[in-house]
Amino acid sequence: MKIVLNGELYHTSCKTAKELSKELKFNENENDVFILNGYQESYDICLKEGDEVFLINKNTLPPKEQWEKIICARHTPGIYEKVKKARVAIAGLGGLGSNIAMMLARTGIGHLHLVDFDTVDLTNLNRQQYSVCHIGRFKTEALKEQLLDICPFLDIHIDTVYVTKDNAFHLFKDDDIVCEAFDNAECKAMLTEELLSKWRKTALIAASGMAGYGNSNGIKTRKIRDNFYICGDEVTGAEQGIGLMAPRVALCAAHQANLVLDLIIKS
Amino acid sequence: MIKINGEDVQGVEGISVIDYLNSNGYNVNRVVVEKNLEVVPRDNMNNVLLEDGDSIEIIQFVGGG
């Protein structure tokens, strides 16, 4: 019987996970992790032709060439191959963008394009994926470093520039999907106008309305038309008296990242 | 008949996009307007008129991210 073990083709006559564990000298150790077709299973289960099996010891780092597939072991089978080919850009690496980037990196999106002009400061830490050690550094560089710590195999391209009407189209012309993740409403409108008017093959996922707290279900994904979506409650802007906080910003970022996955898998 | 954000709106035929936005409380720099699925460029909003049969989508952005 042919199965895929830790990302590589493996021939075995074992009928159950228990037998396979013995064959590989794991012997059902409590420090083992056994994942069958994206789901953590017990050793009692039967194996069948074509199964995708991951069997690792928690305390031993497998060979580096296996990391990529093992990190994606809990994905729904078949997803990894699709996301690996995708090119996704994130415009703005604040509360939305840094969270989107983390989620997409953990999903194994093969090519990430990160764009931001700014440096990290203390007022960012209430909602953005940076730490005190990143203060004063460019967000592009600080984020890329963290993403590569999580998934060393990602291809990450950074542009440390301010996005304007003049450079927007050129900056994002090679990306399949662009996540608009700016803070400023005028910048959001500018990027949306530029990308939608010049270029229709790329999908744009914009965000609007995620300030404050509570009303989690107010954050929605709305399809405006093919290749153009907006996430957020579309109402609650950041202003004096209404701040931006980690939970609601991350909710909106998760809507954007989840839609990225959906679009890639359905394409 | 003109549809704006999915609703039928009366009495706006012949009005420019920018006049419609200004008289309905929109901040021109924070919106993207599509007329029949085509983006109306911000610097051309004073020349583009609302016409019978148009379907207009006004996407309004608020700050925060």
Side-chain angles (χ1 to χ4, degrees), chain A residues 90-100 116 127-128 165 179-200 204 206-212 222 224-230 232-239 242-245 248-249 252-253 256, chain B:
Chain A
I90 305 172
L93 304 176
L96 292 170
S98 63
N99 276 299
I100 294 168
D116 198 300
R127 66 190 189 287
Q128 306 185 14
K165 200 173 157 54
C179 294
E180 178 282 306
F182 293 147
D183 190 20
N184 178 284
E186 284 82 2
C187 294
K188 289 172 178 291
M190 177 277 294
L191 182 65
T192 303
E193 180 183 324
E194 284 308 302
L195 296 189
L196 290 183
S197 60
K198 294 197 173 136
W199 183 36
R200 296 178 86 86
L204 175 66
S208 180
M210 76 301 295
R222 181 163 76 95
I224 311 285
R225 61 168 164 78
D226 276 349
N227 287 346
F228 179 31
Y229 300 80
I230 192 158
D233 67 14
E234 297 190 52
V235 179
T236 319
E239 54 186 80
I242 305 178
L244 290 164
M245 281 165 288
R248 218 155 182 267
V249 173
C252 189
Q256 291 179 277
Chain B
M1 195 67 80
I2 294 171
K3 257 196 193 331
I4 299 180
N5 290 353
E7 307 218 338
D8 292 331
V9 179
Q10 310 273 3
V12 293
E13 277 178 48
I15 295 176
S16 72
V17 169
I18 200 138
D19 285 345
Y20 180 84
L21 292 174
N22 285 331
S23 56
N24 284 276
Y26 289 100
N27 179 335
V28 174
N29 291 317
R30 294 181 165 205
V31 297
V32 172
V33 178
E34 288 195 328
K35 175 175 157 149
N36 306 324
L37 300 180
E38 292 291 333
V39 172
V40 180
R42 212 169 305 279
D43 46 20
N44 201 29
M45 284 178 176
N46 54 338
N47 296 320
V48 176
L49 305 181
L50 304 183
E51 296 166 297
D52 188 34
D54 275 351
S55 179
I56 306 289
E57 188 76 39
I58 303 169
I59 298 110
Q60 190 172 207
F61 287 96
V62 294

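On a predicted model such as this, the values are computed, not experimentally measured, just so you know. Residue numbers start from 1 in every chain, and the chains themselves are labelled A, B, ... in the order their sequence lines are given, proteins ahead of strands.
The minimum heavy-atom distance between B:F61 and A:A185, with the atom names listed, is O-CB, 3.7 Å. Residues A:A238 and B:G64 approach most closely at CB-CA, 4.1 Å, considering heavy atoms. Among all heavy-atom pairs drawn from A:L196 and B:E34, the shortest one is CD1-OE2, 3.8 Å.
The shortest distance between side-chain heavy atoms of B:I59 and A:T192 does not fall below 4.5 Å.
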Which is it for A:E239 and B:V62 under the side chain to side chain contact (heavy atoms under 4.5 Å, CB included) test, yes or no, and what are the steps along the way?
-> CA-CA 9 Å; A:E239 54 186 80; B:V62 294; over 6 Å; no
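Considering only heavy-atom pairs separated by less than 4.5 Å from chain A, the leading option among B:E57, B:R42, B:Q60 is B:R42. Ranking A:S208, A:G95, A:G232 against chain B, the residue ahead of the rest is A:S208, based on heavy-atom pairs under 4.5 Å. Per-residue heavy-atom pair counts under 4.5 Å with chain B were compared for A:V235, A:I242, A:N184, A:V249, and the maximum is reached by A:V235. Options A:K188, A:E180, A:E234 differ in how many heavy-atom pairs under 4.5 Å they form with chain B, and the most are formed by A:K188.
For A:S98, no part sits under 4.5 Å from any heavy atom of chain B, backbone or side chain. The part of A:A207 that comes within reach of chain B is its backbone (N, CA, C, O), which places non-hydrogen atoms under 4.5 angstrom from that chain.
Here the side chain of A:R127 pairs a donor or acceptor atom with the backbone of B:G65 at under 3.5 angstrom.
The CZ atom of B:R30 sits 14.0 Å away from atom CE of A:M190, with the distance rounded to the nearest 0.5 Å. Annotation: the span from B:L37 atom CG to A:I224 atom CD1 amounts to 11.0 Å, rounded to 0.5 Å.
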